[in-house]
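One structure is given here, and the rest of the page talks about it.
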Amino acid sequence: MTKYINKKGQVLSIEADECPENPVRDWDMLGTYYTFEGRAYSPSEHNYSDVMEFLGSIIGDELVEKLHVRNNNTKDFLNDVFERADRLGYIMFPISKFEHSNVVYSLGTANGWDCGTVGVAFVAKETVCEEYGVKKVTAKIRKLVKQRFEGELETYTQWCNGDVYGFTVTDCKGELVDSCSGFYGLCQDTDLDEAVRSGLLETVAELTNCGKPSDWKEAIVDRVIYKEKIA
C-alpha cells in the first residue's frame, strides 16, 4: 500500500475500494453491453437465452438463421448482422473476452484457448445523435462511439478485476481527516507520478484541506512513524 506525507505530517493512503459501483449498471454509459456466457454475469442485464435470440429481436429471427447458415465463421456472421442492424438504426460491435487469472473485455472477435467472442456492444443511432448534438451519424461520429465503447469496457474490466481504489488522509495522530473512493484503474502501489497523472492528488486537494498536489511526498515507515522517502 503506497503512502504519502505532506508538510503537516498528514498521511495519504491508497486502499482498495471494497464496494465499488458497477460502472455499466450504475453509471449513465453510452453503450449497452450484452454478453452470453452461460451462468456468467452480463455487464448489462438482459433476458435473452443466447445471442441468436437477441440478434433476432433486432433484424428478425429468420434472417439471423439465414445469415448464420451462410457464414462459416463468427466474424463474417456478425459483420453481416451488424450491417443490417445499421440500416435499422443501430451501431453494433462484437465483444471479446480474455480470461487468464484476470479478465479483459474489449471490442472485436476472438477465438482461442482463453479468449472468445462473448457478446455485443450496441447503441441506437438516435441516442448517438442526441449525445453528440448531430443530425446524422458520420464516420467521425462512429469512430467517437467506438472509442467511447472501448473506454467503457476498459472501466468495466477494472471493476471486474477489483482494480478500484480510494484514499484516506489521517493526521499526525492517526485520526481520520477525510476519505474518498471510486478511483478506477489505480493500484495500491501507485507511485507519486502515477497519482499525479491520474488526478488523485488534485482530487485530494479539492476535497480536503490538505494542501496542493506538490505538497505530497512518498512516505516510508520508520517503526510506526511515517517519514518522507528520500530517493
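Residue numbers start at 1 and run along the sequence shown. Small disclaimer: the values here were computed from a predicted structure and weren't measured.
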Atom CD in Glu150, atom CZ in Phe93: separation rounded to 0.5 Å? 8.0 Å
Heavy atoms from other residues, nucleotides or ligands near CD of Glu131 exceed 12 (cutoff 6.0 Å): yes
Under the criterion side-chain contact (heavy atoms from CB on, under 4.5 Å), I'd like the reasoning laid out for Lys146 against Arg142: C-alpha separation, chi angles, the key distance, then a yes or no. CA-CA 6 Å; Lys146 184 178 181 181; Arg142 191 180 296 274; over 6 Å; no
Is a donor on one side and an acceptor on the other found under 3.5 Å between the side chain of Glu152 and the backbone of Gly31? yes
Spell out, yes or no, whether Val137 and Phe149 are grouped together once hydrophobic residues are joined by side-chain heavy atoms under 4.5 Å, including indirect joins. yes
Within this structure, what is the CD-OH distance for the pair Glu15 and Tyr165, rounded to the nearest 0.5 Å? 11.5 Å
Report yes if some heavy atom in the side chain of Leu55 is under 4.5 Å from a heavy atom in the side chain of His68; otherwise report no. no
What are the two closest non-hydrogen atoms of Pro20 and Val164, and how far apart are they? CB-CG1, 3.7 Å
In terms of heavy-atom contacts, Pro43 and Val24 come closest through O-CG1, 3.4 Å
Is the Phe54 ring parallel, tilted or perpendicular to the Phe122 ring (thresholds 30°, 60°)? tilted
Hydrophobic clustering (ILVMFWY, side-chain heavy atoms < 4.5 Å, transitive) - are Val103 and Val118 grouped together? yes
According to the interplanar angle, ranging from 0 to 90°, do the rings of Tyr41 and Trp159 count as parallel (below 30°), tilted (30 to 60°) or perpendicular (above 60°)? tilted
Answer with yes or no whether the hydrophobic clustering places Val81 together with Leu88; edges join I, L, V, M, F, W, Y residues whose side-chain heavy atoms lie under 4.5 Å apart. yes
What's the spacing between Thr109 OG1 and Leu78 CG if we round to 0.5 Å? 7.5 Å
Within the distance-only criterion (no hydrogens, no angle test), does the side chain of Ser42 pair as donor or acceptor with the backbone N or O of Thr35 below 3.5 angstrom? yes
Please report the interatomic distance NZ(Lys217) to NZ(Lys7), rounded to the nearest 0.5 Å. 7.5 Å
Are Leu30 and Tyr90 linked, directly or through other ILVMFWY residues, by side chains that come within less than 4.5 angstrom of each other? no
Does Thr138 use its side chain to pair, donor to acceptor, with the backbone of Ile141 at less than 3.5 Å? yes
How far apart are the C-alpha atoms of Lys66 and Glu62, what are their side-chain angles, what is the distance that settles it, and do they pass the salt bridge (charged side-chain N to carboxylate O under 4.0 Å, His left out) test? CA-CA 6 Å; Lys66 179 180 178 180; Glu62 290 186 10; over 6 Å; no
Intermediate values then yes/no, side-chain contact (heavy atoms from CB on, under 4.5 Å), Phe77 and Val64: CA-CA 9 Å; Phe77 166 63; Val64 168; 4.1 Å; yes
So if you build clusters from Ile, Leu, Val, Met, Phe, Trp, Tyr with side-chain heavy-atom gaps below 4.5 Å, do Val145 and Tyr34 land together? no
Go through it in stages, so that I can follow the logic: the residues are Tyr132 and Arg148, the test is side-chain contact (heavy atoms from CB on, under 4.5 Å), and I'd like the CA-CA distance, side-chain angles, deciding distance and then a yes or no. CA-CA 12 Å; Tyr132 291 98; Arg148 183 85 164 265; 3.4 Å; yes
Donor-acceptor under 3.5 Å (Lys8 side chain, Cys172 main chain): no
Tell me if a side-chain donor or acceptor on Asn71 pairs with a main-chain N or O of Asn73 at a distance below 3.5 Å. no
Going by heavy atoms in the side chains, are Tyr4 and Ile14 under 4.5 Å from each other? yes
To the nearest 0.5 Å, how far apart are CD1 in Ile58 and CZ in Phe82? 10.5 Å
As an exercise, state the distance from OG1 of Thr117 to CD1 of Ile95, rounded to the nearest 0.5 Å. 10.0 Å
Measure up the His46 and Tyr48 rings against each other and bin them: parallel (under 30°), tilted (30 to 60°), perpendicular (over 60°). tilted
Verify the distance criterion only: is there a donor paired with an acceptor across the side chains of Ser106 and Ser96 at less than 3.5 Å? yes
Verify, without hydrogens or angle tests, whether Asp171 (side chain) and Gly9 (backbone) share a donor-acceptor contact under 3.5 angstrom. no
Report the C-alpha distance between Asp76 and Arg70 in whole Å, list the side-chain angles of each, state the deciding distance to 0.1 Å, and finish with yes or no for salt bridge (charged side-chain N to carboxylate O under 4.0 Å, His left out). CA-CA 9 Å; Asp76 290 343; Arg70 189 171 78 183; over 6 Å; no
Only pairs under 3.5 Å count here: list side-chain donor-acceptor contacts from residues 174-183, not counting sequence neighbours, and write none if there are none.
none

How far apart are the closest heavy atoms of Lys3 and Ser13, and which atoms are they? NZ-OG, 2.6 Å
Is it the case that the ring center of Tyr33 lies less than 6.0 angstrom away from the ring center of Tyr156? no
Would you name the heavy atoms of Met92 and Ala85 that are closest together and state the gap between them? SD-CB, 3.8 Å
Please lay out, stage by stage, how Asp114 and Phe98 fare under the test side-chain contact (heavy atoms from CB on, under 4.5 Å). CA-CA 6 Å; Asp114 45 14; Phe98 173 83; 3.5 Å; yes
